[in-house]
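Letters A, B, ... are given to chains in the order of the sequence lines, protein chains preceding strands, and every chain is numbered from 1.
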Protein chains: 2
Amino acid sequence: MNVTIKDVAKATGVSPSTVSRVIADNPRISIETKKRVRKAMKSLGYHPNVNARNLVGKSTKTIGVIMPSSADKALQNPFFPEILRGISSYIHDMQYSLFLSTGETEDEIFEEAQRMVYGSYVDGVILLYSRANDRLMHFLRDQEFPFVIVGKPYEYMNEITYVDNDNVAAGKEITEHLIQLGHEKIAYIGGSKELFVTSDRESGYESAMLAADLDAPANYRFHAEFLKSGGREAVEHLFSLDTPPTGLVISDDLISFGVLSMLEEFGFSVPDDVSLVSFNNVYLSEIIRPALTTVDVKIHTLGVQSAKALIEKTINKAEPAKRIMIPHTIVFRDSASERN
Amino acid sequence: MNVTIKDVAKATGVSPSTVSRVIADNPRISIETKKRVRKAMKSLGYHPNVNARNLVGKSTKTIGVIMPSSADKALQNPFFPEILRGISSYIHDMQYSLFLSTGETEDEIFEEAQRMVYGSYVDGVILLYSRANDRLMHFLRDQEFPFVIVGKPYEYMNEITYVDNDNVAAGKEITEHLIQLGHEKIAYIGGSKELFVTSDRESGYESAMLAADLDAPANYRFHAEFLKSGGREAVEHLFSLDTPPTGLVISDDLISFGVLSMLEEFGFSVPDDVSLVSFNNVYLSEIIRPALTTVDVKIHTLGVQSAKALIEKTINKAEPAKRIMIPHTIVFRDSASERN
DNA sequence: CTGTTAGCGCGTTCAA
DNA sequence: TTGAACGCGCTAACAG
């Protein structure tokens with residue numbers, strides 16, 4: 001019922017293999033026949049069957065994207081749609097396709113990834129997270145299956161290709177900004193401690209504080225597990241301290257939204273009473289009031305580069321592991337100002 | 001290099017076809033051999049090859065999801081990640097996989113969808129948009145390829161399965177809420193006029209106004225093409241009118257964010273000076289201040305149901321076209337209050 | 001430059 | 001209850 005190379009062959013009076021060669025644009029086929037075959041393909045409405053092609057070939061020309069296990073929570077962070085966009089755009093340019101994980105629990109995702117690998121669904125995989133001691137990562141590594149991590153791997157840093165920002169530097173710079181603005185009491189609010197981003201950014205904060213001879217005590221560090229409630233808890237904790245902070249370094253714009261809203265509820269005004277800076281430069285961070293001063297980690301670029309690195313790797317298995325650092329910038333808006 | 005049924009067959013001393021039958025759990029295979037085969041599969045680490053399977057069988061057990069053409073813009077709306085989540089969750093339960101469109105322009109997407117269909121990448125397709133006179137929709141229909149639309153189709157309503165809310169009713173109810181609060185000057189801000197959602201919700205607004213004997217003049221209707229700038233323009237327009245509105249019905253939470261931020265810039269306080277209600281109940285709408293009074297369209301359910309309807313259709317091509325309406329609710333928060 | 005043959009891994013007859 | 005043989009649509013030798 002579907003048009004196959006055989007049909008095209010018959011219609012053109014050539015053999016199927018010739019048609020196949022035309023598809024591959026094999027230089028050893030005369031321009032003449034190429035034209036004829038192509039015409040027939042068009043008029044018959046021929047389209048290659050991927051499954052047949054994948055079966056014989058070694059490439060599926062599709063890559064799998066694995067979302068973090070708490071997909072429900074994660075997808076709510078504009079970071080993911082945005083990085084997906086970046087991946088998509090590169091992948092599309094390269095004529096590749098995109099296979100998305102659908103599982104929610106770690107187990108589900110692991111099984112899915114296994115299928116992707118063993119079932120030859122995809123040529124390679126992008127991990128949109130980096131967890132300590134990740135089963136999936138080990139599996140991929142054991143199988144020597146091409147993969148790329150967005151973020152910093154916990155192990156085997158030298159043999160895994162990953163795409164990341166210099167989060168320590170970024171954390172330092174953004175904290176320094178607050179310091180330059182005259183703030184001395186600066187607290188850090190991070191997401192899950194399990195994540196490298198969180199701790200890297202915190203390290204940056206720490207070293208900036210240290211360098212400026214400022215205190216960064218333990219009760220000035222708060223880790224919010226959940227974006228929404230995290231904002232409330234952080235504010236409750238920090239602003240019931242004897243000396244509450246006047247500046248806040250927050251590891252994720254989304255958490256900032258929560259904090260902002262709590263701050264307002266508590267009657268604090270941003271940036272007049274407290275200044276706030278964060279990370280990611282998500283779409284909404286310029287819409288919200290006050291617009292966020294935040295480090296732009298170039299999410300889209302992160303996506304493009306991870307896709308690029310992965311595809312290179314699937315094409316050339318010998319491609320060495322690389323660490324790809326995406327330079328960040330700071331975008332100054334209205335959430336941070338001179339200390340009063 | 002990969003374990004195939006042949007290997008399993010050899011290891012068990014049966015024929016490949018027997019192994020195949022075991023995989024399909026064919027009842028005509030003795031429990032004995034089933035056990036043996038399964039054991040061998042496990043110990044050898046057998047995993048079926050999808051491509052081979054798809055090639056022979058008629059089902060790929062994967063469904064394609066087509067994002068709107070302005071994917072860049074669209075993905076920014078939390079609506080999409082959220083509906084993807086819904087689709088994923090159902091699809092995963094059914095052991096299906098998810099193929100995502102990567103194109104950005106209409107042409108790119110059309111070609112991609114064509115490949116999906118002709119190349120037998122997927123069993124069916126979910127369209128995450130509904131545009132008038134959509135080429136892709138016509139194509140799918142001509143090919144009699146299973147597809148489902150999220151939203152209301154412009155044509156062939158009776159032969160296309162779609163999943164939607166009763167947006168007219170929702171628009172009416174939410175407008176009535178504002179009216180009950182004492183508002184009489186109520187404006188409508190919608191997204192692209194091309195979209196049915198926009199006009200349906202506007203119709204609802206209109207009929208509520210009419211029923212209450214209130215005016216809904218043309219200059220009280222504003223259509224914002226782009227989420228961000230749209231907010232600014234809408235506010236500029238509406239609040240430079242001789243009699244500016246005190247109530248706003250906005251067709252999308254994301255637009256509301258923009259409007260909110262402009263309103264603040266203009267010195268209007270919400271809900272004291274102007275009340276605002278909108279649609280979707282996106283994650284952030286309860287985080288932002290003021291928290292939005294908005295109609296919850298059950299995005300996740302929209303996703304689940306569209307996946308469900310599609311899979312049913314791919315399994316049974318004779319499945320009749322259905323219109324699946326997802327009931328909405330209104331969640332009352334802080335963006336609307338009694339008129340002062 | 002092109003045709004023939006074989007085989008990718010699997011499901012499905014048809015026999016036994 | 002099981003095996004043998006065929007074919008899905010395509011690519012990749014090997015001939016010529």
Side-chain angles (χ1 to χ4, degrees), chain A residues 1-38 40-41 44-62 95 115-123 315, chain B residues 1-38 40-41 44-62 95 114-123:
Chain A
M1 75 167 237
N2 260 326
V3 187
T4 76
I5 48 170
K6 280 188 190 167
D7 302 319
V8 179
K10 232 169 257 170
T12 332
V14 299
S15 81
S17 44
T18 300
V19 177
S20 175
R21 291 189 182 104
V22 173
I23 294 170
D25 202 17
N26 188 315
R28 303 186 315 187
I29 298 290
S30 74
I31 312 231
E32 259 312 297
T33 47
K34 270 192 187 171
K35 274 187 183 159
R36 276 171 48 229
V37 170
R38 293 219 173 95
M41 292 198 308
L44 293 186
Y46 169 78
H47 286 262
N49 180 311
V50 244
N51 299 300
R53 179 176 280 177
N54 293 348
L55 186 54
V56 50
K58 47 271 100 291
S59 164
T60 63
K61 287 239 199 188
T62 113
Q95 315 248 49
R115 283 208 325 255
M116 286 194 196
V117 172
Y118 288 131
S120 75
Y121 281 82
V122 300
D123 289 351
I315 289 175
Chain B
M1 76 169 235
N2 259 325
V3 187
T4 75
I5 47 171
K6 279 187 190 168
D7 301 318
V8 179
K10 233 168 258 170
T12 331
V14 299
S15 81
S17 41
T18 301
V19 177
S20 175
R21 290 189 182 104
V22 173
I23 294 170
D25 202 20
N26 187 316
R28 300 187 316 186
I29 298 290
S30 74
I31 310 231
E32 259 313 298
T33 47
K34 271 193 188 171
K35 273 187 185 161
R36 275 170 50 228
V37 171
R38 292 218 172 96
M41 294 198 306
L44 293 186
Y46 168 78
H47 286 263
N49 179 312
V50 244
N51 299 300
R53 181 175 277 178
N54 293 348
L55 186 55
V56 48
K58 46 271 109 277
S59 164
T60 64
K61 285 233 192 194
T62 113
Q95 316 247 46
Q114 255 193 145
R115 285 209 323 257
M116 287 194 197
V117 172
Y118 287 131
S120 74
Y121 281 81
V122 300
D123 289 351

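Atoms CG (B/N54) and C1' (D/dG7) sit 16 Å apart, rounded to a whole Å. For B/K61 and C/dC10, the NZ to C1' distance is 16 Å, given to the nearest whole Å. B/K10 places its NZ atom 12 Å from the P atom of D/dA4, with the value rounded to the nearest Å. Atom-to-atom, CG of B/N2 to P of C/dG9 comes out at 8 Å; the value is rounded to the nearest Å. Nucleotide C/dG7 holds its P atom 14 Å from the CG atom of A/L55, rounded to whole Å. To the nearest angstrom, C1' of C/dC10 lies 12 Å from CG of A/N51. A/M41 has its CE atom 14 Å from the C1' atom of D/dC10, to the nearest Å. Across the protein-nucleic acid pair, A/N49 atom CG and C/dG9 atom P stand 16 Å apart, rounded to whole Å.
Of the listed nucleotides (D/dA4, C/dT4, D/dT11), D/dT11 has the atom at the smallest distance from the side chain of A/R53. Here the nucleotide nearest the side chain of B/Y46, chosen from D/dG9, D/dG3, C/dC10, is C/dC10.
Using a 4.0 Å cut-off, some side-chain N or O of B/S15 falls inside it from OP1 or OP2 of D/dG3.
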- So A/S120 and A/N54, side chain to side chain donor-acceptor pair (under 3.5 Å) or not? Walk me through it. CA-CA 8 Å; A/S120 75; A/N54 293 348; over 6 Å; no
- Query: Can B/T12 and B/T18 be said to form a side-chain contact (heavy atoms from CB on, under 4.5 Å), step by step?
  - Reply: CA-CA 10 Å; B/T12 331; B/T18 301; over 6 Å; no
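With B/R21 contributing its side chain and B/N26 its backbone, the two residues share no donor-acceptor pair below 3.5 Å. Checking side-chain atoms of A/T60 against main-chain N and O of A/D123 turns up a donor-acceptor pair under 3.5 Å.
For the residue pair A/N49 / A/T4, no side-chain donor-acceptor distance below 3.5 Å is found, with atom types taken as modelled.
Interatomic distance, OG of B/S20 versus CZ of B/R53, reported as 8.0 Å (0.5 Å rounding).
In the displayed structure, A/K61 atom NZ is contacted under 6.0 Å by more than 12 heavy atoms of other residues, nucleotides or ligands.
Contacts of residues 16-37 of chain A with DNA chain C (heavy atom under 4.0 Å): A/S17, A/T18, A/R21, A/R28, A/I29, A/S30, A/T33.
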